[in-house]
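Worth saying up front: this structure is predicted, and the values here are computed from it rather than measured. Counting starts at 1 for both ligands and their atoms, following the listed order.
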Amino acid sequence: MTQWVYSFGAGRNEGRADMRNLLGGKGANLAEMASIGLPVPPGFTVTTEVCTWYYQNNETYPADLEDQVKAGLARIEEAVGNKFGDHRKPLLVSVRSGARVSMPGMMDTVLNLGLNDATVEGLVVASGDARFAWDSYRRFIQMYGSVVLGVDHHRFEEIIENEKLDTGKTEDTELTAQEWHRVVDGYKEMVREVTGKPFPQDPWDQLWGAVGAVFGSWQNQRAITYRRLHDIPAEWGTAVNVQAMVFGNMGEDCATGVCFTRDPSTGENIFYGEYLINAQGEDVVAGIRTPQPMAESRAKPGERSMETVMPNAYAELVKVRETLERHYTDMQDIEFTVQSNKLYMLQTRNGKRTAAASLKIAVDMAQEGLIDHAEAVKRVNPAALDQLLHPTLDPKAPRKLLAKGLPASPGAASGVVVFSADEAEARAQKGESVILVRIETSPEDIHGMHAAKGILTTRGGMTSHAAVVARGMGRPCVAGCGGVSVDYNNQVLSSGGVQIRGGEVLTIDGGTGEVYVGSVAMVEPQLSGDFSTLMGWADKVRRLKVRANAETPLDAETARKFGAEGIGLCRTEHMFFDPERIGAVRQMIMAETESGRRTALARLLPFQRQDFVDLFRIMAGLPVTIRLLDPPLHEFLPHSDFEIAEVAQSLGTDTETMKRRAQELSEANPMLGHRGCRLGIAFPEIYEMQARAIFEAACQIGKETHKAPHPEIMIPLVATKRELEITRAQVDRIAQEVFAETKYHVEYSVGTMIELPRAALTADAIADSADFFSFGTNDLTQTTFGLSRDDAGKFLPLYVEKGIFPKDPFVSIDPDGVGELVKIAAEKGRRVKSDLKLGICGEHGGDPSSIHFCESVGLDYVSCSPYRVPVARLAAAQAAMAGGGDRTA
Ligand code: PEP
Ligand code: MG
């Protein structure tokens, strides 16, 4: 015989907290609370298996269910001393749904079930309060009528309103027993009219009606949608909990409340919550009366805390709070009722909390000895940590939404709108906060992005230039905000009929993608002691090293401050846009001959050398991976006629020549064009200069500090072994030259980005010439999907919304396609060279689920923007504890 019904309370607890799959969260925890001696009204749970059976068998029940329900009910009757349907001492029950995870959208609760025209009289006598009894009956008809019989709840409200009009009363609380009685009569008449049937008087029919409604609600549209959005399988089903009623609305010594065992917004270790005297559960949520605080220390003038009003019940509840926290070792969200000064527990579950609270609670609980350090590390969501490192909008501050784009870089910022990088810089120098608004950004905008407090673009996805650079700099950014149009000429942006001119104020929230008119109040991040405590615990358990993508001294310093263990990607092209250098870069591009290019590169060399000196000094012996030039050359040329004329003049050439050269360099698909190692092969002098700058800097620092850095030189966009052989030979030659010239020697490695499918598939051949691989999963995602990272913003959100892509593949690594290539390359590479160092430097290096993937394939390190380093440290620790899955490399 299958057990379909599990009893709890009154000494018979057949369930446990770990039986939530069978009993649902609510049922499992009611049984658990009862079994640890907490006061839980007796009841029983109809299992989720009944729900599954119900749907597999044409919405019918197992034959032996009825007897088991009867037995369950009999146990409640015995425990309480009342009988279901008895005219003198009627048992009333609540019926609640309860899936494995709490699921809004399903039928929630029917209270006071068992009342009818006869039992209501019994309740009048038993409670000694006719008004209470008739109010309970009308509440029951109302709840049952709307959730089980599907009667529009306005029809009930109408009847109450009419009763109030007729009697000249304004509040529900003023209605008398007789008046509620009349309301009940009105309800019953109305229900008969709407449903064509009388309101069910038989408690047994009422019970099956409610049970059927719970199971039915599992397949209603809201529940289906919620499950789809949260990946909840339909097979899970819901359980139904039937429990003896206790009344919080039977007088001034009764109450009901909802609370958290710690403050869910700050994490502070205080009893936090609200209660209402003489009220039933739904009154607290309905907001008709103002709930009062639990603790006296939290009471404002005029408020009556439970601590003072009901000291005994409160003291008992404080003990329950301790018991629950010790038992569940987590912050609990609880519901309780006090009936005639006696406390009853109706629910407990792990409480939802803010990012800040989650950090504080985890660290506090470990320090209180409730959990160990490893458990504390598991408790904090790395994505939540990201929020804590940036200013955020004050949740209480008023705001006016203008548009919504992609949440490209977390944090919030307010400032005056500017439409060009130069203006951003100029106004920032005068001390103004600015928001740089661009259709899209390009490397020329870097100075403006740096000067801005926040960046808004109307085009581009999560790995667009704006998104990547903003994350790297720790600037909030909303990208791909298609609902906003930008008119550079008239210096105005507009969205949905609202216009914002240059100089007017705008606020962006890079954590949500929202854009607001005017300024919105912020809260500053608190990098408290808890943060570094937790990070320390995470570092003890992680295996993956965490490096940062950084090129400027500021980025490198930030990276170290956040705990980076090296630089995993220094994009050297970012060093070329400085006003002092761009002239030489353009001179190099415009040169018609190799010797012309060499002259220009010689101008760049000292700058580039100094860049590396600075980086090596800051990183003090930690590994530094430097990538040689990657982007196509035309990215460095000016665009507007005005700029072209200006640059032409400064280079001593004419506008026409300049335009012709730009024309020659322009490409239909620049991302697949003359870039990466293809540049280094066509113009070897570029990579030679960069290699020379690196080795000269390394030798200089080595001599100065007697601790030689170990540069890792990385060749981008390699597709074939031959490309790496050629570029590597150049680097090796320059190394020998510099060592001979400086009479100094440093150890170095040469490796490659794996960012093209062909490189991944032929990684064994490539590994022959490589000391390390760094997976450039931005380009690898782009080339594996055939999906432009700069244009995808137009349709990618639609793809994610429709579930065609489970997640944006530029944000979270696509394990089946891109990930498979990473796995293949790691395997093939290590087969040839067992000590081949493997890392990832695409944006995925800072994404927690991608980090789990990296752990599973056995990479050595992840590299991400400096501000995401703490997120990566925590995610790497969690991945290590999760076991890393199927490690194949
Ligand atoms: C990559 O392609 O993943 C990468 C790190 O390089 P970039 O983003 O500079 O192309
Ligand atoms: Mg790349």
**Prompt:** Short question: side chain of Arg758, backbone of Ala719 - any donor-acceptor pair under 3.5 Å?
**Reply:** yes

**Glu664 CD: over 12 foreign heavy atoms closer than 6.0 Å** = yes

**Complete:** Exactly one candidate in Met588, Glu688, His674 meets side-chain contact (heavy atoms from CB on, under 4.5 Å) with Phe683; the answer is His674

**Message:** Just to be sure I'm reading this right: ignoring hydrogens, which of His844, His465, Arg571 gets closest to atom 9 (O) of ligand 1? Compare them by their nearest heavy atoms.
**Reply:** Arg571

**Request:** With heavy atoms of Arg789 as the reference, note each atom of ligand 1 found under 4.0 Å away.
**Result:** 2 (O), 7 (P), 8 (O), 10 (O)

**Message:** Students often mix this up, so state it plainly: with edges at 30° and 60°, are the rings of Phe805 and Phe785 parallel, tilted or perpendicular?
**Reply:** perpendicular

**Prompt:** Quick one: which ligand 1 atoms are inside 4.0 Å of a heavy atom on Gly776?
**Reply:** 1 (C), 2 (O), 3 (O)

**Request:** Could you see which bit of Leu780 sits under 4.0 Å from ligand 1, with heavy atoms only: side chain, backbone, both or neither?
**Result:** neither

**Prompt:** For ligand 1, which atoms, with element, lie under 4.0 Å from some heavy atom of Met753?
**Reply:** 4 (C), 5 (C), 6 (O)

**Message:** Checking one value in my table: which N/O/S atom of Glu755 lies closest to the Mg ion (ligand 2)?
**Reply:** OE1

**the Mg ion (ligand 2) - name of the N/O/S atom of Asp779 that sits closest to it** = OD2

**Minimum-distance protein heavy atom relative to atom 3 (O) of ligand 1** = Asn778 N, 2.7 Å

**Asked** Within the structure, does Leu569 bring an N/O atom to less than 3.5 angstrom of an N/O atom in ligand 1?
**Response** no

**Message:** Looking at ligand 1, is there an atom of it that comes within less than 4.0 Å of some heavy atom belonging to Met714?
**Reply:** no

**Asked** Counting from 1, what ligand 1 atoms have a heavy atom of Cys841 closer than 4.0 Å?
**Response** 5 (C)

**Prompt:** Could an N or O of ligand 1 be found under 3.5 Å from any N or O of Asp779, whether backbone or side chain?
**Reply:** yes

**Prompt:** In a check of side-chain contact (heavy atoms from CB on, under 4.5 Å) between Arg722 and each of Leu724, Ile726, Val718, which one passes?
**Reply:** Ile726

**Message:** Please list the nearest protein heavy atom to atom 6 (O) of ligand 1 with its residue and the distance rounded to 0.1 Å.
**Reply:** Arg627 NH1, 2.9 Å

**Item:** Pairwise distance CD(Glu712) to CZ(Arg547) - rounded to 0.5 angstrom
**Value:** 4.5 Å

**Request:** Using a cut-off of strictly less than 2.8 Å, determine whether Asp630 has an N/O/S atom near the Mg ion (ligand 2).
**Result:** no

**Prompt:** Is Tyr799 atom OH crowded by more than 12 heavy atoms from other residues, nucleotides or ligands, each under 6.0 Å away?
**Reply:** no

**Message:** If the threshold is 4.0 Å, N to carboxylate O, is there a salt bridge linking Lys837 and Asp771?
**Reply:** no

**Message:** Does atom NZ (Lys721) have a neighbourhood of more than 12 heavy atoms from anything else shown, all under 6.0 Å?
**Reply:** yes

